[in-house]
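Start at 1 with the first residue, then count along the sequence. Note that the structure is a prediction, hence the values are computed from the model and not measured.
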Amino acid sequence: MPIQFDVDPPVARLAAATAEFVREVVIPAERECGGSVHDAPEALRETLQKGAREAGVFAPHVPARWGGHGLDLRGQAVVFEAAGYSLLGPLALNCAAPDEGNMHLLEKVATEEQKARFLRPLAAGEVRSCFAMTEPAPGAGADPRSLRTTATRVPGGWRIDGRKWFISGAHGAGFAIVMARTSGSPGDPGGATMFLVDADTPGMRVVRDIETLDESIFAGHSELAFEDCVVSEDRVLGAVDRGFENAQVRLGPARMTHCMRWLGAARRAQDVALERAGTRMAFGSVLGDLGMVQQMLADSEIDIEASRALILRTAWELDTGSAAAAQLTSVSKTFVAEAVNRVVDRAVQICGALGISAADAPLARLLREVRPFRIYDGPSETHRFAIARRAVKPYRQPRPEAAAGS
């Protein structure tokens, strides 16, 4: 089946409208707050999302049933890149992490009653959410099998006990999707279950907000405690003991939407560098005529185009349910995360003092924001491990002892 990279006219129009909205409305708001929204008021989010609705660009990824544009991943790739041109663009369109990934998960896994209770207000921007899986060491992190938070059956439901940390958007969220172990022991490949937990449920509390390198995730990142936190049976999301499988429904597309948004940030950094290279005089010419600057600009153009092509190819594989999607998701996440960092870093270098002047150009804050992307949703090292393991699998020979015993 040929891969379809063409952009449908309605998607192209939505992307163009998004780019205009980001340029005219969102970037001024970003400049005003310096891109820092860890402790920003809800009024900022509400104002930006109201503007996105008025511009007709709100919720591009949400099915029409829930008030969105219903784009597939290929369509999202174009629009999310346009939104990501500003650090606050995805927030304004209600397609920022972790809410965007949670909407996708709820649409695919939740019951109709759960969709009405949790997905509908989340898609409308009436509430925020968080995804609580990561734990302090030695708990779940890059290896989710290390999961230590437990959920134990009690009359009428489940009792959740454990600790979560680096939970993005938890402070002020209306509910959490919590991963807890319902069978087995830490290190086992299965035995996890997802639960929908309202923020005001007794036994769930925010322990602290974590100070981090990045500042553009709305409400930041928090540590959560679950202590004798009881939820009813109808708050199980998906089947019991199938949490890890259900997580893959969320994580594959969520990794790609991260790539889409951050590619927009890389494009913005490159635009700043190109403008500087075309206007700044040094050594008798503009910077853009100097060979070493040309090499950096060219390498960034290559990284951007290669990232975009990988994103579109992987989005197509995910949209069509291809067996190659898992491998390409890891390839894309690893390459794009590192390419985005390279592009922003080169832009800072080309712009010199301007590049590190946070008040005069966006590059310093972009550099701060993109660095964690090489860790979020699986560090590059974990993805490389998975990529190599899948690649070698068809060539792996039976162990001699296994062949002898057969």
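Salt bridge status for Lys164 with Glu135: present, with a side-chain N to carboxylate O gap under 4.0 Å. Contact check on Glu215 versus Arg365 returns no salt bridge, with no Lys/Arg side-chain nitrogen under 4.0 Å from an Asp/Glu carboxylate oxygen. Note on Glu20 versus Arg23: no salt bridge recorded, every NZ/NE/NH1/NH2 to OD/OE distance being 4.0 Å or above. Of the charged side-chain nitrogens involved, at least one lies within less than 4.0 Å of a carboxylate oxygen, so that Arg346 and Asp303 count as a salt-bridged pair. A salt bridge links Arg74 and Asp319; the closest N-O separation between the charged side-chain nitrogens and carboxylate oxygens is under 4.0 Å.
Between Leu88 and Cys33 the shortest side-chain heavy-atom distance falls below 4.5 Å. Side chains of Ser146 and Asp143 form a contact here, defined as non-hydrogen atoms less than 4.5 Å apart. No side-chain heavy atom of Leu106 sits under 4.5 Å from any side-chain heavy atom of Trp66. The side-chain heavy atoms of Phe218 and His171, taken from C-beta on, include no pair separated by under 4.5 Å. Using a 4.5 Å heavy-atom cutoff, the side chains of Leu318 and Asp72 are not in contact. Using a 4.5 Å heavy-atom cutoff, the side chains of Arg208 and Ser222 are not in contact.
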Please step through side chain to side chain contact (heavy atoms under 4.5 Å, CB included) for the pair Arg45 and Leu91, ending with a clear verdict. CA-CA 7 Å; Arg45 180 182 70 90; Leu91 176 69; 3.7 Å; yes

Please determine whether side chain to side chain contact (heavy atoms under 4.5 Å, CB included) holds for the pair Ile217 and Asp214, giving the CA-CA distance in whole Å, both sets of side-chain angles, and the decisive distance to 0.1 Å. CA-CA 7 Å; Ile217 299 292; Asp214 68 325; 3.5 Å; yes

When you look at Leu122 and Asn102, which way does the side chain to side chain contact (heavy atoms under 4.5 Å, CB included) test go after all the steps? CA-CA 9 Å; Leu122 185 62; Asn102 287 347; 4.1 Å; yes

Just do the salt bridge (charged side-chain N to carboxylate O under 4.0 Å, His left out) check on Arg235 and Asp198 with the steps written out, would you? CA-CA 9 Å; Arg235 295 304 171 88; Asp198 285 307; 2.8 Å; yes

CA sep, side-chain torsions, deciding dist, call: Glu223, Ile167, side chain to side chain contact (heavy atoms under 4.5 Å, CB included): CA-CA 6 Å; Glu223 183 172 353; Ile167 306 307; over 6 Å; no

Salt bridge (charged side-chain N to carboxylate O under 4.0 Å, His left out) assessment of Glu112 paired with Arg65: CA-CA 12 Å; Glu112 287 303 312; Arg65 173 188 179 190; 2.3 Å; yes

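For the residue pair Ala123 and Val62, the shortest heavy atom distance occurs at CB-CG1, 3.8 Å. Residues Thr329 and Gly252 come closest through the heavy atom pair CG2-O, 3.7 Å. In plain terms, the two heavy atoms of Ser216 and Leu87 that are nearest each other are CB-CB, 4.0 Å. Counting all heavy atoms, side chain and backbone alike, Leu237 lies closest to Asn246 at O-ND2, 3.7 Å. The two atoms that bring Pro253 and Val249 nearest to each other are CD-O, 3.3 Å, heavy atoms only. Considering all non-hydrogen atoms of both residues, Ala266 and Val343 come closest at O-CG1, 3.4 Å.
In this structure, the side-chain contact (heavy atoms from CB on, under 4.5 Å) partners of Ser322, at least two apart in sequence or on a different chain, are Glu317, Thr320, Ala324. Residues passing the side-chain hydrogen bond (donor to acceptor under 3.5 Å, both in side chains) test with His61: none are found, sequence neighbours excluded. For Arg384, the salt bridge (charged side-chain N to carboxylate O under 4.0 Å, His left out) partners two or more places apart in sequence, or in a different chain, are Glu338. Residues that satisfy the ring pair (Phe, Tyr, Trp, His ring centres under 6.0 Å) test with His383, not counting sequence neighbours, are absent from this structure. Applying the ring pair (Phe, Tyr, Trp, His ring centres under 6.0 Å) criterion to Trp158, with sequence neighbours excluded, gives Phe195. By the ring pair (Phe, Tyr, Trp, His ring centres under 6.0 Å) test, Phe175 is found to be paired with Phe118, residues two or more places apart in sequence or in another chain being considered.
Counting non-hydrogen atoms of neighbouring residues, nucleotides and ligands closer than 6.0 angstrom, the CD atom of Glu211 reaches no more than 12 such neighbours. Counting non-hydrogen atoms of neighbouring residues, nucleotides and ligands closer than 6.0 angstrom, the CZ atom of Arg242 reaches no more than 12 such neighbours. Heavy-atom neighbours of Met281 CE from other residues, nucleotides or ligands within 6.0 Å: above the threshold of 12. In Gln295, the CD atom is not crowded: 12 or fewer heavy atoms of neighbouring residues, nucleotides or ligands sit closer than 6.0 Å.
Exactly one of Gln76, Arg261, Arg308 qualifies for a side-chain contact (heavy atoms from CB on, under 4.5 Å) with Glu81. That residue is Arg308.
Taking the ring centre of Phe335 as origin, the terminal cationic atom of Arg342 falls inside the region bounded by 6.0 Å and 45° from the ring axis. Taking the ring centre of Phe244 as origin, the terminal cationic atom of Arg145 falls outside the region bounded by 6.0 Å and 45° from the ring axis. Under the 6.0 Å distance and 45° angle rule, Lys50 does not count as a cation-pi partner of Phe58.
Of the inter-residue distances, the one linking Leu297 atom CG with Arg276 atom CZ reads 13.0 Å to the nearest 0.5 angstrom. In this structure, NZ on Lys108 lies 15.0 Å from CE on Met103, to the nearest 0.5 angstrom.
Side-chain contact check for Glu369 and Trp262: no donor-acceptor pair (N or O, by modelled atom type) lies under 3.5 Å.
The aromatic rings of His221 and His38 sit perpendicular to each other, their planes meeting at more than 60°, with 30° as the lower class boundary.
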